[in-house]
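All remarks here apply to the structure that follows.
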Amino acid sequence: MSEDSRKFTDLIEKDRAQREGIEWRGSFLEYLEKVKEDPHTPKLAHARMHEMVTRHGMTDVRETGDSRLQRLYGDEPVRVYNFFKDEFFGIERTISQIVRYFHSAALQGEESRQVLYLMGPVGAGKSSLIEKLKRGLEDMDPVFAIEGCPMAEEPLHLIPSHLRKEFEKMLGVRIEGELCPVCRWRLKEEYQGRYEDVPIVTVPFSRHDRRGIGVVPPVDPNNQDTSVLIGSEDISKLDMYSEGDPRVLDLNGAFNVGNRGMTEFIEVFKNEAEYLHTMITATQEKFISAPGRHGTVYVDAVIVAHSNEAEWQKFKGDHTNEAILDRIVVIKVPYNLRLSEEVKIYEKMLHSSGFRAHIAPHTLEVASIFAILTRLEPTSKCDLVTKLRLYDGEEVVEKGKPLKINVRELQEEARREGMFGISTRFIMKSLDNALADSPEGINPINVREALISMVKGADLPDDTRKRYLEFLQDTLHKLYLEILEKEITKAFVYSFEEQAESLFQNYLDHAEAYVNKTRVKDRNTGEELQPDDSFLKSIEEQIAIVGSAADGFRQEVMAYLWAASRRGEKVSYQSYEPLKEAIEKKLMSSVRDMSRVITKARTRDEEQMKKYTDLVNALLERGYDENSAEVVLRYAANNLWKD
Ligand SMILES: Nc1ncnc2c1ncn2[C@@H]1O[C@H](COP(=O)(O)OP(=O)(O)O)[C@@H](O)[C@H]1O
Ligand SMILES: [Mg+2]
């Protein structure tokens, strides 16, 4: 056997052994022993779901050590669940609310008898969240069920009602639910009522086998046959069995299938009221009717529904729906509003779509900035780009000072934020379009162009289109040029970080001496020098600190850094945002002339040629490929350094 085949066989055998370890078959009596051993065995659907999403652990945002998250959520009890963490970005609040619903429902609170309803704009992740739950259910250990039961029902239903109290005490569990008509019949006819002998098996959940996961797509309103929900009578069997024999039943509706797991209603409010009433009865009473004259069937499932806001508003506006509204837990699924998280969404989507072409640095960032700008509401407190930065947990500097705007207050005054704007799918489509036009790869420039042409062609109200085009042609253009200039400076300035750090140290030495009215000791010669005021000014003027403002600024810098080092933080040029900005700008201005000459020149002499090659190489190191490096340099030459 080759090395590889051995590896394959190992994997297969190990998996098989593990699966066989989970599989079980025995009599009901043996099942009772199992329950006695572990009273958690017969969990209801919500409790299983809650266990599923919490068993991989979670972190309180206040304890993540992520100061950005803390600034965003303050004291709100938001948790990050490992179950969702790698696939969902920037919607911690929504996920926390979903898990909180499962938690109360698991404790058999009122929520266990309510529909979980996700409402949000297209492409905000509603279907994906539910998809994730479905996959999770498939990965859980199988449930124990009465063998052959069309609904894989909980074996404890076999215990007759007059004995339940006693069994509950002995087992330490609560018994809820009644045998389905088919099992009721079989118990009587096949086992002569000896329920202790009824065979019990493990049943894994599987979408493809339609077990534990039921789905109700929006149905043609002219053909709302409830068999989709509750199953039907098999007409071909009607001749074989006598009237009232439940063996004619095909209990294969979405509620039957979803029993013990979940039943999902896609675009729920597209359905007729009759459907919704069946849904509500199933949640509220935990019973559905059996098809034909076969009484009722107990169901235990997490019932999840979703739709967009317009459908929700329409439904809510109809007062005849009040009874239904009362039985729905609404959870908003807004678009993510955090830039760095938005980038992760596209990284994830591109990765899973097998996108192979080159993606130049800042490409997804540019697309994400656009997406988020369209999702924000304007505020009187700051401009939209500033808001975007604050939402991403950034410190924003204005007039040499960190801007003191409370992010939570911004969120409070814009409650509809995230419920409108450009969808993730729109952005993905524009990335695809950009690639179709330039198969060499995508970059900020061709993606912005693709976005512009998509917006021009989109079915949007005129003023919205105008606003979006302004974002793309104006706001984003400027923002990208800022990003690009910094990028080129970093590529130009050999060891940018080191140079920034050395400027920072120098600045500190001189500012400290200035503030304390002492002298600076030259690091090399040991000479005692006067603080170099013109050097300090050359940094400060980068962020428009001039004249009498300088004294205050120098004091603030010293105070801030002193406090930081007292807290045990490592102090660097990045510590104090205003100073960081000033230093970076200083470095940029120091190479601006050279950048311009090198990138703009039509013909380069030998020395210029070498500089240009070095620049390209530095960009390659920063994640560009030959093509995108050339594209962005040409773009810089044409747009960045106006003559
Ligand atoms: N916050 C998010 N985190 C991760 N992925 C997201 C997020 N929002 C949207 N997506 C992705 O966008 C795509 C569209 O989402 P989808 O679940 O189909 O949206 P909806 O059902 O709300 O219309 C999916 O690939 C989804 O994973
Ligand atoms: Mg969807």
Side-chain angles (χ1 to χ4, degrees), residues 53 61 68-69 72-73 78-99 115-136 207 213 215-219 262-271 304-313 330-355 364-365 367-376 388 391-393 411 416-432 451 454 458:
V53 297
V61 289
R68 289 177 171 222
L69 276 181
L72 289 174
Y73 288 117
V78 171
R79 286 179 168 165
V80 177
Y81 291 89
N82 295 341
F83 178 77
F84 292 102
K85 190 174 78 168
D86 297 334
E87 288 173 58
F88 294 92
F89 308 105
I91 51 170
E92 294 83 6
R93 184 176 284 133
T94 299
I95 288 175
S96 259
Q97 286 167 351
I98 293 174
V99 181
V115 175
L116 171 65
Y117 166 65
L118 305 182
M119 183 263 285
V122 293
K126 302 180 294 296
S127 302
S128 311
L129 281 166
I130 292 169
E131 183 68 21
K132 176 75 187 158
L133 296 176
K134 291 184 202 165
R135 263 184 287 137
R207 265 171 293 184
I213 299 160
V215 180
V216 188
V219 192
M262 73 180 226
T263 301
E264 172 194 8
F265 281 78
I266 298 172
E267 308 208 23
V268 58
F269 298 123
K270 289 223 167 95
N271 291 308
V304 189
H306 51 107
S307 78
N308 62 38
E309 194 179 15
E311 280 175 23
W312 165 245
Q313 294 299 354
V330 185
I331 293 181
K332 278 194 197 170
V333 186
Y335 289 132
N336 159 57
L337 298 176
R338 269 155 59 203
L339 176 57
S340 48
E341 302 296 300
E342 191 72 9
V343 170
K344 290 185 200 162
I345 295 177
Y346 303 120
E347 280 169 351
K348 175 190 83 168
M349 289 168 84
L350 290 173
H351 182 77
S352 66
S353 73
F355 192 93
L364 303 181
E365 185 184 339
S368 301
I369 292 174
F370 171 64
I372 293 178
L373 285 176
T374 66
R375 299 170 185 168
L376 296 180
L388 175 142
Y391 275 12
D392 200 26
Q411 292 173 339
R416 272 195 39 74
E417 222 161 44
M419 300 302 280
F420 55 84
I422 284 287
S423 82
T424 46
R425 290 206 197 93
F426 187 98
I427 300 292
M428 277 302 288
K429 222 183 284 167
S430 68
L431 298 178
D432 286 339
L451 283 166
M454 287 237 339

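Just so you know, ligand 1 is whichever comes first in the structure, and atom 1 is the first atom listed for that ligand.
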task = Taking the side chain as every heavy atom from C-beta outward, state whether Leu364 and Leu350 have any pair of such atoms under 4.5 Å apart.
result = yes
request  = Answer side chain, backbone, both or neither: which part of Glu341 comes under 4.0 Å from ligand 1, heavy atoms only.
outcome  = neither
request  = Provide, to 0.1 Å, the distance between atom 18 (O) of ligand 1 and the closest protein heavy atom, together with that atom's residue and name.
outcome  = Arg425 NH2, 2.6 Å
ask   = Quick one: are Phe84 and Val53 in side-chain contact, heavy atoms under 4.5 Å?
value = yes
request  = If you have a sec, work out which protein heavy atom is nearest atom 8 (N) of ligand 1 and how many Å separate them, to one decimal?
outcome  = Ala124 O, 3.2 Å
key: Lys85 atom NZ, neighbour heavy-atom count above 12 within 6.0 Å   = no
ask   = Going by the atom numbers of ligand 1, which of them fall below 4.0 Å from some non-hydrogen atom of Val122?
value = 23 (O)
request  = State, with a plain yes or no, whether a side-chain heavy atom of Ser423 is found less than 4.5 Å away from one of Tyr335.
outcome  = yes
remark   = of all protein heavy atoms, closest to atom 5 (N) of ligand 1 is Lys348 NZ, 2.9 Å
key: Side chain to side chain, Glu311 and Met119, heavy atoms closer than 4.5 Å   = no
message = At less than 4.0 angstrom from any non-hydrogen atom of Met349, what atoms of ligand 1 do you find?
response = 11 (C), 12 (O), 13 (C), 25 (O)
ask   = Counting backbone and side chain alike, does Ser127 bring an N/O/S atom below 2.8 Å of the Mg ion (ligand 2)?
value = yes
query = ligand 1 and Thr424, any nitrogen or oxygen pair closer than 3.5 angstrom?
reply = yes
ask   = Does CZ in Arg79 sit with more than 12 non-hydrogen atoms of other residues, nucleotides or ligands closer than 6.0 Å?
value = no
key: Phe88: numbered ligand 1 atoms lying under 4.0 Å from its heavy atoms   = 3 (N), 4 (C)
remark   = closest protein heavy atom to atom 19 (O) of ligand 1 is Gly125 N, 3.1 Å
request  = Would you indicate which of Gly90, Gly123, Ser423, Ser128 comes nearest to atom 24 (C) of ligand 1 when only heavy atoms are counted?
outcome  = Ser128
note = Nearest heavy-atom contact between Leu337 and Gly418 is CD2-CA, 4.0 Å
message = Counting C-beta onward and ignoring hydrogens, is there a side-chain heavy-atom pair between Met349 and Leu431 closer than 4.5 Å?
response = no
Ring centres under 6.0 angstrom apart (Phe269, Tyr117) = yes
task = With heavy atoms of Lys126 as the reference, note each atom of ligand 1 found under 4.0 Å away.
result = 17 (O), 19 (O), 20 (P), 21 (O), 22 (O), 23 (O)
task = Starting from atom 2 (C) of ligand 1, locate the nearest protein heavy atom and write down its residue, its atom name and how far away it is, to 0.1 Å.
result = Ile345 CD1, 3.3 Å
remark   = Within 4.0 Å of some non-hydrogen atom of Pro121, the atoms of ligand 1 are 22 (O)
request  = Looking only at distances, please establish whether an N/O atom of ligand 1 is found under 3.5 Å from an N/O atom of Phe89.
outcome  = yes
task = Could you check if a side-chain atom of Phe83 sits within less than 4.5 angstrom of a side-chain atom of Val99, using non-hydrogen atoms only?
result = no
message = I need the atoms of ligand 1 closer than 4.0 Å to a non-hydrogen atom of Ile91, numbered in the order shown.
response = 1 (N)
query = Would Lys344 count as a contact of ligand 1 if the rule is a heavy atom under 4.0 Å away?
reply = no
message = If you define the side chain from C-beta out and look only at heavy atoms, does anything of Glu131 sit under 4.5 Å from Arg135?
response = yes
task = Run the numbers for me: atoms of ligand 1, each under 4.0 Å from some heavy atom of Glu87, listed by number.
result = 3 (N), 4 (C), 5 (N)
